[in-house]
Amino acid sequence: NSSAASDVYKRQGTGTWMAPFAFAIDAIIEKIPGLNKIDFSIDNLQEKVGVLAEPIVIGGILGAIVGALAGYDFSAAFQLGIKMSAVMVLMPKITKCIMDGLMPLSERMKEILTKKSQSGEAEFYIGLDPAIILGDSEVVTVGLIFIPLTILIAIIVPGNTILPFGDLATIGFFIGIAVAVHRGNLFRSLISGCVIMFTTIWIASQAIPWTTALALPLIHISEPTRPI
């Protein structure tokens, strides 16, 4: 659930560098009348629209929409929807297996470190890989929504010279922290996600000359070996 996702993100640092954006946006929304009352998550949607908010249905709809936007024919878009539905169902279950193995180990290590501390009251946090949060249903849903949104954002970023095709499969790492900060609120997560992806793409585009300059001295082009 979203509270578990928030707890996981408190326990690791590599996936939290986008947190300031999410916290700032959360504080701004809290001061805007009307917007601060909008709070919907998958659980809330399931109460209001029933089966249409089930992860398997959401995955099917989003997958079909993404396929249609990509120019797939009806059959291919329908198949992509089925695959997305499978991801929505299986990803949380697979990740839960990983969490069931890692979380007890993390808690035990935390207890041992606390006992061995000088005061015996020190509080330790064990860092875990952010991949364990990718099975959260809200993170999966927002990640699927941002597959087409990220392409659109890349088009409107001023001066952008890249298209983040390689990152589409890892969007959950970028926006997962927003879902945790907003406690599963999909509305706020979408707003934060747009800001996060806009900033990420802009920084990546600006850094191209630097990374290219760093790579050029390391490039060694050897003459191809001719077949005998």
Side-chain angles (χ1 to χ4, degrees), residues 1-55 57-59 61-63 65-66 69 84 88 92 125 130 133-160 162-164 167-168 170-207:
N1 54 34
S2 55
S3 60
S6 179
D7 183 63
V8 168
Y9 261 94
K10 291 176 183 177
R11 297 170 184 272
Q12 56 82 38
T14 57
T16 59
W17 69 279
M18 290 296 184
F21 293 97
F23 279 113
I25 291 170
D26 198 65
I28 293 172
I29 293 178
E30 280 295 328
K31 298 182 181 297
I32 302 177
L35 289 182
N36 57 8
K37 301 298 183 182
I38 300 177
D39 182 9
F40 65 91
S41 63
I42 289 183
D43 293 336
N44 293 338
L45 289 176
Q46 287 176 347
E47 293 178 0
K48 295 179 180 179
V49 299
V51 70
L52 292 178
E54 291 291 337
V57 177
I58 294 176
I61 294 174
L62 291 177
I65 292 175
V66 170
L69 292 176
M84 288 292 191
M88 292 288 286
Y125 292 92
I133 200 175
L134 298 184
D136 184 82
S137 57
E138 281 91 357
V139 175
V140 175
T141 301
V142 176
L144 291 176
I145 294 174
F146 266 95
I147 290 176
L149 277 182
T150 299
I151 301 298
L152 177 61
I153 292 171
I155 294 174
I156 65 176
V157 171
N160 179 43
I162 64 172
L163 286 176
D167 291 324
L168 295 180
T170 60
I171 289 179
F173 289 97
F174 292 93
I175 52 84
I177 184 60
V179 179
V181 169
H182 301 309
R183 295 177 174 82
N185 187 323
L186 295 181
F187 172 72
R188 298 189 182 192
S189 297
L190 289 174
I191 295 177
S192 289
C194 288
V195 175
I196 288 172
M197 296 312 299
F198 184 100
T199 305
T200 300
I201 293 172
W202 182 82
I203 292 175
S205 183
Q206 298 302 311

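- Shortest non-hydrogen contact noted between G193 and I175 is CA-CG2, 3.6 Å.
- Considering all non-hydrogen atoms of both residues, V142 and S189 come closest at CG2-CB, 4.2 Å.
- Note that CG of N160 is 4.5 Å distant from OG of S205, once rounded to the nearest 0.5 Å.
- For residues 196-205, there are no salt bridge (Lys or Arg N to Asp or Glu O under 4.0 Å) pairs, not counting sequence neighbours.
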Side-chain donor-acceptor distances from residues 194-203 under 3.5 Å, at least two apart:
unit_1	atom_1	unit_2	atom_2	d
T199	OG1	V195	O	2.8
T200	OG1	I196	O	2.7

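- The CG atom of L190 sits 5.5 Å away from the CZ atom of F146 when rounded to the nearest 0.5 Å.
- Note that the CD1 atom of I145 and the CG atom of L186 stand 6.5 Å from one another [nearest 0.5 Å].
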Hey, can you pull the donor-acceptor pairs under 3.5 Å for the side chains in residues 22-36, sequence neighbours left out?
unit_1	atom_1	unit_2	atom_2	d
D26	OD1	H182	ND1	2.9
D26	OD1	R188	NH1	2.8
E30	OE2	R188	NH1	2.9
E30	OE2	R188	NH2	2.8
N36	OD1	G34	N	3.4
N36	ND2	E30	O	3.1

